[in-house]
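Data block below; observations after.
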Amino acid sequence: MSFLSNFISGLSLGSIYALIALGYTMVYGIAKMLNFAHGDVIMVGAFTVIVVVNSLGLPGVVGILASVLICVLMGVTIERIAYKPLRSSPPLSVLITAIGVSYFLQSLALLIFGSTQKSFPKVFTVAPVHLGELTIKGESIETLAVTTVIMVGLTLFINKTKMGKAMRAVSEDREAAELMGISVNRTITVTFAIGSALAAVAGLFFGATYGFIGPYSGAMPGIKAFVAAVFGGIGSIPGAMLGGILLGIIENLAKAYISTELSDAIVFGVLVLVLLVKPTGLLGKKINEKV
Amino acid sequence: MLKVENINVYYGQIHAIKDVSFEVKPGEIVSLIGANGAGKSTILKTISGLLRSKTGHITFKGEDISKTEAYKLVPKGLAHVPEGRRIFLQMTVKENLEMGAYTKGEDMEKDIESVYSHFPRLKERQNQIAGTLSGGEQQMLAMGRAMMSHPDLLILDEPSMGLAPILVQGIFDIIKEFHKMGTTILLVEQNAEMALSIADRAYVLESGRIVLTGTGAELKASDAIKKAYLGGA
Ligand SMILES: Nc1ncnc2c1ncn2[C@@H]1O[C@H](COP(=O)(O)OP(=O)(O)O)[C@@H](O)[C@H]1O
Ligand SMILES: [Mg+2]
């Protein structure tokens, strides 16, 4: 494979990471917590597609819609039941709870689906594009097209809509936002809903790219997306996009030109380097100390 | 307009507010003065629902709001400009004003223009990030933002804090303007001199208790107040 085609599949992998990283970073920015169960939402979303399309024999579109719907409901429910009661607890309690939720979802999937990976259905087929020597895979094209639309849409939502502005206000100063008449709880619910919907879409592309899904399939992309969010500057939406895309490209190029086995080590090594030079991440802002 | 009856507020074991009761009548300017740490901000946060009292009642326009969530009070007609202004530093001046009208929705552009008519400086800087404003401009923005919801009661927590004397005069002029427009005002200040001169009535707070009350003029003339808050003489 040429450099360019490696680069493009890295770009496509990176935009999947970016979708997941957006959920991490938005929840961190607004609810001030690390939702370590976020990666497992991808797995639940992908299994939903498998059940709807493979087991029930329904069309792929139904699978996608069901997956988004179930992930949103699940994300919002998890927030209500597990995180909301801990709103004023120390961050460590919340973190441990999130890890607990993650194990819970993995065990639940293990009980229902067993430990063998299930094959992911072909939901849509985009023909590969040939440009002279260069071949771009259909999955890459659909991933890039959809994630671009989502990222532009999300950026407009955050910057232009009333709800989006309220989310920025809550992320900056929760108490002051409350004094404006903004319901912090409702804003957090919306944030979890959006993050989970993005994770469902990511699960779809992840399944389409790798072909198989098991109970632990969400863990690695979840961790990589977390790394991407930190890399870009946790809390920053453009940071999550940039961090995810760069991570995917670095990972793919490392696989192609250095070593497949070492690619993850290289990815995490890059993170460590960036954080040494710029502790707040690429686009992260300095955290304001509250007086 | 506002009635606070027998509230007691705690921070864990710390008993910050002790049996405090006071009242703000429609159309009044009432000041709450007291030294740093007396409990002024704690009382204001309890009124606007950010903290809870263990006892008593808070009534706003006849309705018991002691258990009402903070965000539900804005549409009822209460606006609170917190200590330290707390504007959204990473949002633009105009977006900050929009947040002030979050629960209102209609006539936003008209209200923003009306705020700009009080604070022409804000209009010049409307697309600037609020964090780039000077201290005085930030206070103007915080007050303009609160006025966006057309409050019946405006609560101000130390609006003059950290401002040069010339700016302080401007801020107090604006408070008077808002008052003339029909807004009832509850003003907390360490700057007792200024606060007493514009207040119809005032309460003096010491270590979480109200120790003195009277008209602004009475308190300004009182020896105890002169000694404690107006620099002797
Ligand atoms: N978050 C807090 N936790 C613990 N104690 C607090 C907190 N905020 C204020 N206090 C204490 O409560 C008392 C009243 O504080 P405050 O209402 O801020 O006073 P003021 O506004 O009059 O300066 C002070 O003794 C202060 O140390
Ligand atoms: Mg105070």
message = For B/Leu50, is there any backbone N or O sitting under 3.5 Å from a side-chain donor or acceptor partner on A/Glu175?
response = no
Identify the heavy atoms of [X] and [Y] that sit nearest to each other, and give their distance.
X: A/Leu179; Y: B/Ser48; answer: CD2-OG, 3.8 Å
X: A/Ala176; Y: B/Arg86; answer: CB-O, 3.5 Å
X: A/Ala169; Y: B/Met99; answer: CB-SD, 3.9 Å
X: A/Met163; Y: B/Tyr102; answer: SD-OH, 4.2 Å

note = Of the listed B/Met91, B/His80, B/Met148, the one with the largest count of heavy-atom pairs under 4.5 Å with chain A is B/Met91
Report the distance from atom [atom1] of [X] to atom [atom2] of [Y], rounding to the nearest 0.5 Å.
X: B/Leu89; Y: A/Asp173; atom1: CG; atom2: CG; answer: 8.5 Å
X: A/Glu178; Y: B/Glu69; atom1: CD; atom2: CD; answer: 7.0 Å
X: A/Ser171; Y: B/Phe88; atom1: OG; atom2: CZ; answer: 9.5 Å
X: A/Met180; Y: B/Arg145; atom1: CE; atom2: CZ; answer: 3.5 Å

Would the number of heavy atoms belonging to other residues, nucleotides or ligands and lying under 6.0 Å from [atom1] of [X] be above 12?
X: A/Phe268; atom1: CZ; answer: yes
X: B/Tyr10; atom1: OH; answer: yes
X: B/Lys3; atom1: NZ; answer: no
X: A/Arg186; atom1: CZ; answer: no
X: B/His179; atom1: NE2; answer: yes

query = Which residues in residues 145-159 of chain A have a heavy atom less than 4.5 Å from any heavy atom of chain B?
reply =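 When heavy atoms of chain B are the reference, residues 145-159 of chain A contributes A/Asn159 within the under-4.5 Å range.
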inquiry  = Report which part of B/Ile87 has an atom under 4.5 Å of a heavy atom belonging to chain A: side chain, backbone, both, or neither.
reply    = backbone
